[in-house]
2 protein chains.
Amino acid sequence: MAVKSTAPPPLTPAVFHILLALSQGERHGYGIMKQVEADSRGAVAMGPGTLYGSIKRMIEAGLIQECDKRVDPEMDDERRIYYELTPAGSAALAVELQRYRDVVAVAQIRIVYGH
Amino acid sequence: MAVKSTAPPPLTPAVFHILLALSQGERHGYGIMKQVEADSRGAVAMGPGTLYGSIKRMIEAGLIQECDKRVDPEMDDERRIYYELTPAGSAALAVELQRYRDVVAVAQIRIVYGH
DNA sequence: TGACATATATCCGTAACGGATATACTGTTT
DNA sequence: AAACAGTATATCCGTTACGGATATATGTCA
């Protein structure tokens with residue numbers, strides 16, 4: 001769906017959830033998956049196809065980037081690749097979140113005051 | 001994206017916005033388009049391809065149905081086809097709305113208390 | 001040692017999106 | 001009266017996104 005006058009690449013739900021997960025701090029792929037599940041109380045289950053496909057697109061779009069940071073080198077799994085939000089990613093998340101708030105507010109008014 | 005343990009057909013943003021528009025009352029295609037735009041403060045622009053494609057799928061899924069109701073026969077355009085929510089559509093909207101609220105709440109906590 | 005969770009990643013069929021296009025009526029402007 | 005913009009429905013089809021299946025390999029626990 002086209003989104004007017006906001007962030008250039010309109011956010012899909014998968015992209016939005018990944019951004020939200022990374023707003024919690026840097027994560028590796030599997031960690032993002034788990035964070036998305038936690039953030040949605042288990043409602044959203046993201047498969048590996050969606051996850052890694054979205055990550056690739058998001059890096060190309062400049063929303064996220066790989067980061068070198070290794071929290072604990074001793075405990076670390078060498079295979080892990082950590083990702084973090086870019087400023088553009090943070091901005092896109094903020095815009096999308098505001099859209100979510102607006103939609104919830106509109107729906108709330110509709111329910112309370114009965115269309 | 002898969003959505004666990006809720007409504008059988010996981011809602012795409014287009015489907016969600018159409019359901020929300022119809023929660024306002026019965027609408028014809030073009031009316032849905034305008035309502036979606038209004039509900040999102042002009043942020044979401046749904047093209048005819050997405051609109052009529054989604055309507056077709058939603059009727060098949062039992063989320064909406066055509067209704068005979070003609071508000072004002074004198075003022076009416078014969079071409080108009082009106083749609084309304086089915087009970088299943090209302091239920092799916094309610095579930096999806098709760099997911100939106102949850103996501104907004106999670107994000108809000110993250111912002112206020114800083115991850 | 002078998003099973004399960006963690007972890008990354010690709011492949012590819014299916015579904016959804018969305019612009020372009022077509023048609024036609026209505027209402028307003030010049 | 002002609003021209004234009006807006007309303008209204010609808011299809012076509014290229015592009016994108018989704019997401020299950022699959023592959024591989026390590027860590028962990030009973």
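Just so it is clear, the structure is predicted and the values come from calculations on it, not from any experiment.
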Protein N or O to nucleotides 15-17 of chain D N or O, pairs below 3.5 Å:
unit_1	atom_1	unit_2	atom_2	d
dA17(D)	OP2	Arg57(A)	NE	3.4

Side chain of [X] (C-beta onward), nearest among [options]:
X: Lys34(A); options: dT7(D), dT9(D), dT6(C); result: dT6(C)
X: Ile81(A); options: dC18(D), dA9(C), dT9(D); result: dA9(C)
X: Thr50(B); options: dT9(D), dT10(C), dC17(C); result: dC17(C)

Determine whether [X] and [Y] make a side-chain contact, defined as any pair of heavy atoms from C-beta on separated by less than 4.5 Å.
X: Ile55(A); Y: Ile32(A); value: yes
X: Leu63(A); Y: Leu11(A); value: yes
X: Met46(B); Y: Ile18(B); value: yes
X: Val95(A); Y: Arg99(A); value: no
X: Leu20(B); Y: Glu96(B); value: no
X: Arg41(B); Y: Val106(A); value: no

OP1 or OP2 of dT9(D) versus the side-chain N and O atoms of Tyr30(B): is any pair under 4.0 Å? no
What is the separation between atom CE on Met46(A) and atom P on dA9(C), rounded to the nearest whole Å? 16 Å
Measure from NE2 on His28(B) to C1' on dA10(D) and round the result to the nearest Å. 14 Å
Give Gly29(B) one of three labels, base, sugar-phosphate or nothing, depending on what nucleic acid heavy atoms sit under 4.0 Å from its own. sugar-phosphate
With heavy atoms under 4.0 Å as the rule, sort Phe16(A) into base, sugar-phosphate or nothing. nothing
